[in-house]
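Structure first, then comments.
Lettering follows sequence order; numbering is per chain, from 1.
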Amino acid sequence: MSMFKKSLTDLIRGLRSASESESAYISGAMKEIKDEIKSKDFDVKSMAIKKLIYLHMLGYDMSWADFNIVEVMSQSKFTNKRIAYLAANQSFTQETDVITLTTNAIRKDILGTNTRGKGAIYEAGNAINCLANICTLELSRDLAGTVVSLLTSTRPYIRKRAILCLFPIYEKYPPALPPSFSKLREKLSDPDPSVASAAVNVVLELARTNPKNYLTLAPTLFNILTNSTNNWMLIKVVKIFGLIAPLEPRLAARLVDPLCGFINTHNNAMSLLYECIKTCIACLPNNRSVIRLCLTKLRTFIDHPDCNLKYLGLLAMAEVMKVQPKGVAEHRDLILNCLDDEDISIRLRALELLSGMVSKHNLAFIIGKLKDHIAIADSSYQAILIEKIVKLCSLEKYSYISDFGWYINTLIDLTKIPGAKNGCLVRHQLLEISIRVKSIRPFSVNQMMYLIADPNLRSENIQEDGMCEALYAAAWIVGEYSNLLEGMELKALESLLNEDVVSLPSHIQATYLQNVLKLFIHLAENDRADEAITVIEENLSNFTSSIHLEVQERACFLVVILEIYKEEIDNPDTNLLAELKEIVSEEIKAVSPNAPKKVRLPEGLDIDSWINEPMPEDDPDMYNENGFEWEPQEYPTNGDYPDNQNLSPMEIHERNRKIEEIKKARSLGNDYILGNGGGFNSEDIPTIPLEQIMETNFDSPPNMNRNPNNPRNQRGMPRRMINRPTAELEIDLSDEMPDGWEDMNSSGEESEEDVVKNSLANVDLSNADADALSTSAYPIPLRTTTQQTRSNRGGQRGNRGGQRGNRGGQRGNRGQPRGNRGAPRGNRGQLRGNLGQPRGNRGAPRGNRGQLRGNLGQPRGNRGAPRGNRGARGNRGQPRGNRGQPRGHRGAPRGNRGQPRGQPRGNRGRGN
Amino acid sequence: KGTMIHFLLVINKTGFLRCGRWFVPITDQEKRDIVVELHRIVFTRDIVGNLSNFAEYRNETLVYKRFASLFFCACIEKQDNIFSTLESLQVLVDVLDTYFNGVCELDLIVNFFRVYMILDEIFLAGEIMETDKKKILQRVLETDKLVE
């Protein structure tokens with residue numbers, strides 16, 4: 001019977017035995033699937049899809065079969081249909097272009113429950129399931145009404161699915177929420193527990209986006225809270241109260257009894273207990289007795305040998321810390337014990353709690369504990385610990401530190417951890433403490449001396465953000481506060497100029513050299529310049545030939561300074577030493593991060609204004625039918641290019657040639673200029689005679705209604721033909737607009753963009769009760785299966801209130817001309833144009849342009865139906881492919897619009 | 001990302017995906033990366049032994065449990081209830097076990113579409129839909145009759 005080359009079992013078995021040549025086996029199998037999937041027999045087809053799903057699970061692509069999946073989906077045989085739905089669940093993404101073609105199949109299956117036999121509910125179940133997984137904006141908009149109508153189904157099996165499916169629909173298409181909200185609310189008290197539970201689930205997800213909207217549900221939910229015994233549902237209800245009760249103190253007060261009741265009795269259902277505690281903490285942060293009760297419970301959790309409970313307890317403890325940090329501090333002992341736990345999840349949770357419980361007395365102890373952990377931690381956990389140590393010590397502006405000497409030593413200990421990261425953090429702390437805490441400087445300088453002399457530190461752990469960064473701070477501190485060195489200056493110089501230093505990152509080496517200079521000046525002041533010069537000159541050669549420019553430059557600079565010093569020091573006319581001292585005399589102080597804000601803006605400086613008016617943006621969609629356009633190139637008229645201004649093109653060419661010659665003459669004998677020895681030589685190319693192009697040499701291009709009123713067209717400037725299109729182009733399209741397009745843009749109907757902008761959180765449900773579910777609230781699902789003619793559909797769509805049928809149901813609809821998208825595109829242009837504040841007025845031309853774009857190359861007849869294919873995204877595939885790219889690029893600069901833009905844009909203004 | 005469960009995966013000890021349902025939009029490449037990362041996390045944790053069933057993954061919480069050679073993992077929002085998620089995984093495994101009469105990895109491989117079917121009876125749109133094992137089984141068996 002086998003029409004298949006392989007059944008699924010064969011495939012699986014084959015794959016297991018062909019472990020050696022798996023890829024060869026799979027490419028063979030894929031080839032067979034590709035053949036089978038083209039088969040006219042739907043059983044073969046669906047079996048091929050089934051095999052494909054299996055391969056997809058192993059990581060192979062199946063997006064190429066999207067259309068075949070849709071085909072099978074609209075089959076009547078349940079076995080096949082089910083496979084197609086599974087395949088769609090697995091492989092369709094938001095970008096799948098055939099997704100709108102599923103609308104009809106899904107609608108048909110969903111509504112089938114009312115009419116057909118017993119199996120129909122499973123078809124509907126599959127369809128709803130699939131819808132929930134693949135839901136896009138279009139699907140949500142078109143099927144919201146259908147799904148809502150299922151809320152009154154007689155079967156709980158369907159009702160619970162429909163309810164849960166509502167949330168993804170609301171998420172994609174928020175306008176569906178208000179009209180169906182009262183239905184959803186009714187379902188909270190559905191007789192079937194799993195249906196009610198589903199409704200609670202959806203309300204919870206909704207309440208997360210905007211809890212205020214759902215305060216009105218409190219009585220119903222309170223009823224569930226006090227009467228239900230279904231823990232799954234209770235957890236969710238308690239969760240909802242955790243979101244809405246903080247907004248309403250009276251409600252919070254009423255929750256005390258039921259919640260405490262659960263906490264005291266439900267010892268077995270930890271999930272519910274945990275949820276109650278969390279809600280108590282969120283709603284009743286000031287009710288001491290309740291918080292106390294919670295803390296006692298949490299203590300038993302954390303103390304429990306079961307690590308899941310431990311984790312849960314610490315998780316809840318973090319919530320307590322937000323409202324009652326002192327409450328956590330009481331349980332310090334337990335939490336500190338958790339730091340030793342084997343489980344990193346638990347340790348991380350405990351770490352998080354530490355910042356709530358440090359004090360002046362226990363900081364050293366806690367840090368000591370963390371330091372012990374560092375020794376045995378893996379690298380990622382090590383980095384977390386180092387960060388934590390620094391964070392804990394710098395808490396409250398270092399107010400928990402009683403001895404900064406201890407802190408500096410702690411930081412030095414951190415630098416000794418092999419391979420540790422977070423060096424920049426340590427560097428910053430060392431600098432900060434040494435600069436801010438004057439009394440610690442002598443100690444700090446002394447310790448830094450050891451740091452720079454440490455041979456391990458400068459040769460090991462050289463990596464980005466590694467501990468070598470601490471040397472940056474050490475060198476700076478030693479140099480800056482060299483007056484505190486007390487006779488160790490020469491030793492410091494030797495350490496700074498050690499030959500190992502050359503292996504450090506360049507910015508650290510540069511700092512080293514800068515501080516060598518500081519040390520030298522300090523020594524010169526104390527009449528020890530000669531010794532210093534000897535040491536420096538002995539070692540500096542390592543740096544003067546450094547491959548790092550910055551290092552080399554500073555080293556050479558140092559050499560020159562030393563030479564000048566040697567020559568000039570005895571010259572009584574110049575006071576060289578005093579001048580050198582000038583470099584380092586001013587004390588460096590810490591600057592508050594807020595300081596720059598206090599600098600007043602100089603008068604007349606406007607950071608937001610354009611330096612140059614921006615050029616209109618390139619718009620790749622603006623090609624006309626001929627693929628190019630006459631660009632009204634603007635030549636400068638006011639001396640922008642002084643050199644070119646009065647030259648003819650011939651003269652410019654001549655001048656450029658001369659420049660080239662001069663350049664070439666200069667480059668002769670210069671080894672660093674490429675192309676000298678037998679490479680490219682422009683003389684090999686015969687000069688191409690240049691003809692002056694006059695505008696009159698060309699006919700005006702076809703199909704361009706050049707607007708004679710446009711001043712650019714009147715200027716007798718030579719025009720260049722280039723194929724970079726411009727957006728400034730003005731085309732009079734007033735008679736090409738489809739009827740009613742303006743109304744459509746301004747009628748307040750939501751366009752796709754509006755819908756996306758209106759996120760779920762902004763939905764106003766205050767009038768939800770008044771909006772009874774009526775047919776006008778949703779587009780009526782049209783249940784015909786016959787295809788409508790195109791013009792017909794367009795017409796209906798244009799009306800928009802009307803029926804919306806058969807959107808992209810079958811194959812026939814595919815590949816229709818893309819012109820129809822004109823209108824929505826136009827809209828989009830409009831919106832986008834409005835985005836940029838300074839050029840709000842660009843909105844209109846953009847809209848036009850969109851319109852134009854859409855209409856290009858489209859047969860005239862279709863144009864009357866602007867909204868036409870909006871939803872029929874089946875069409876999308878084609879145009880998208882081409883357009884996706886430029887669009888994507890466009891997104892980026894647009895996003896940046898708010899930023900200062902003088903620079904890049906200004907450049908553009910020049911054109912080319 | 002509004003749903004409670006972002007994705008639910010069954011991964012075997014060697015890192016093969018045996019069943020995966022994604023409730024949030026993710027590209028195929030990301031899916032593959034996630035499977036690898038998740039496997040590394042749960043596998044190393046499993047070797048240590050006696051650890052909690054929760055781990056932090058990206059900005060979410062990973063709830064997992066090992067049954068024989070398979071890891072059942074669910075990735076949920078941080079603020080969601082980790083215990084009830086764990087219990088729902090238990091429901092899934094119990095149903096599978098009853099349905100296959102002692103489930104093993106090979107059952108899941110050969111009958112992967114049935115596994116999805118069972119999964120879809122328990123979870124929908126990233127929420128826990130049904131937890132009554134008897135009801136779930138009854139529905140699954142009825143569907144089987146339709147398919148023959």
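Of the charged side-chain nitrogens involved, at least one lies within less than 4.0 Å of a carboxylate oxygen, so that B:D80 and A:R208 count as a salt-bridged pair.
Between the OG atom of A:S194 and the NZ atom of B:K135 there is a distance of 4.0 Å, given to the nearest 0.5 Å. Atom CG of A:L86 sits about 12.5 Å away from atom CZ of B:R114, to the nearest 0.5 Å. With rounding to the nearest 0.5 angstrom, the CG atom of B:L51 is 6.0 Å from the SG atom of A:C307.
Using modelled atom types, one side-chain atom of A:N201 and one backbone atom of B:I128 make a donor-acceptor pair closer than 3.5 Å. A:Q90 places a side-chain N or O within donor-acceptor distance of the main-chain N or O of B:G20, the cut-off being under 3.5 Å.
Interface summary for chain A: among B:N50, B:V110, B:T131, B:D132, the most heavy-atom pairs under 4.5 angstrom belong to B:T131. Listed options B:K31, B:M129, B:M117 were ranked by heavy-atom pairs under 4.5 angstrom with chain A; first place goes to B:M129. Here A:L312 is the residue among A:D341, A:I346, A:L312, A:T93 with the most heavy-atom pairs under 4.5 Å with chain B. Counting heavy-atom pairs closer than 4.5 Å to chain B, the top-ranked of the candidates A:K310, A:M62, A:R349 is A:R349.
Counting heavy atoms from C-beta on, the side chains of B:N81 and A:K278 never come closer than 4.5 Å. Two residues are said to be in side-chain contact when any heavy atoms from C-beta on lie closer than 4.5 Å; B:E121 and A:Y157 meet this criterion. You'll find the side chain of B:D120 reaches within 4.5 Å of the side chain of A:N89, heavy atoms only. Counting heavy atoms from C-beta on, the side chains of B:S84 and A:K236 never come closer than 4.5 Å. At least one side-chain heavy atom of B:T143 sits less than 4.5 Å from a side-chain heavy atom of A:F78. In this structure the side chain of B:L106 reaches within 4.5 angstrom of the side chain of A:R16, judged on heavy atoms. Considering only heavy atoms from C-beta on, B:T27 stays 4.5 Å or farther from A:E95 through its side chain. Using a 4.5 Å heavy-atom cutoff, the side chains of A:Y311 and B:I82 are in contact.
With hydrogens and angles left out, the side-chain atoms of A:S345 and B:E56 include no donor and acceptor closer than 3.5 Å.
In plain terms, the two heavy atoms of A:C165 and B:L124 that are nearest each other are N-CD2, 3.9 Å. Between A:W232 and B:S88, the closest heavy-atom pair is CH2-N, 3.6 Å. A:S271 and B:E87 make their closest contact through OG-OE2, 3.3 Å (heavy atoms, listed as atom of the first residue, atom of the second, distance).
For B:R45, the part sitting under 4.5 Å from any heavy atom of chain A is the side chain, from C-beta outward, and nothing else. Using a 4.5 Å cut-off between heavy atoms, A:Q94 touches chain B through its side chain atoms alone. Of the atoms belonging to A:I163, not a single heavy atom falls under 4.5 Å from chain B. With a 4.5 angstrom heavy-atom cutoff, A:L131 does not touch chain B via any of its atoms. Only the side chain of A:L8 comes within contact range of chain B, with at least one heavy atom under 4.5 Å from a heavy atom of that chain. No part of A:E319 comes within reach of chain B, as not one of its non-hydrogen atoms sits under 4.5 angstrom from that chain. Within the 4.5 angstrom heavy-atom criterion, atoms from both the backbone and the side chain of A:N129 approach chain B. Heavy atoms closer than 4.5 Å to chain B are found nowhere in A:N80, neither backbone nor side chain. With a 4.5 angstrom heavy-atom cutoff, A:K77 does not touch chain B via any of its atoms. Neither the backbone nor the side chain of A:Y85 comes within contact range of chain B, judged by heavy atoms closer than 4.5 Å. Of the atoms belonging to A:L348, it is side-chain heavy atoms, and not backbone ones, that fall under 4.5 Å from chain B. Proximity to chain B (any heavy atom under 4.5 Å) is shown, for A:R161, by both the backbone and the side chain. Only the side chain of B:V91 comes within contact range of chain A, with heavy atoms under 4.5 Å apart. Interface remark: B:F16 contributes side-chain atoms only to the contact with chain A (heavy atom separation under 4.5 Å). Residue contact with chain B, scored on non-hydrogen atoms closer than 4.5 Å, involves the backbone and the side chain of A:K50 alike.
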Worksheet item: Taking it one step at a time, do A:D343 and B:S52 satisfy side-chain hydrogen bond (donor to acceptor under 3.5 Å, both in side chains)?
Response: CA-CA 7 Å; A:D343 188 347; B:S52 65; 2.5 Å; yes
Fill in: Audit row: A:Y122, B:K145, side-chain contact (heavy atoms from CB on, under 4.5 Å) steps and yes/no
CA-CA 11 Å; A:Y122 295 104; B:K145 269 183 227 155; over 6 Å; no
Practice prompt. Under the side-chain contact (heavy atoms from CB on, under 4.5 Å) rule, what do A:N308 and B:F54 come out as? Steps first, then yes or no, please.
Written response: CA-CA 7 Å; A:N308 281 346; B:F54 317 113; 3.4 Å; yes
Worksheet entry | Full working for side-chain contact (heavy atoms from CB on, under 4.5 Å) between B:D28 and A:D61 | CA-CA 8 Å; B:D28 273 7; A:D61 179 42; 4.2 Å; yes
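Within a 6.0 Å radius of CZ in A:R13, no more than 12 heavy atoms belonging to other residues, nucleotides or ligands are found. Counting non-hydrogen atoms of other residues, nucleotides and ligands closer than 6.0 Å to NZ of B:K78 gives a total above 12.
Note: A:Y54 and B:F112 meet the aromatic proximity criterion, with ring centroids under 6.0 Å apart.
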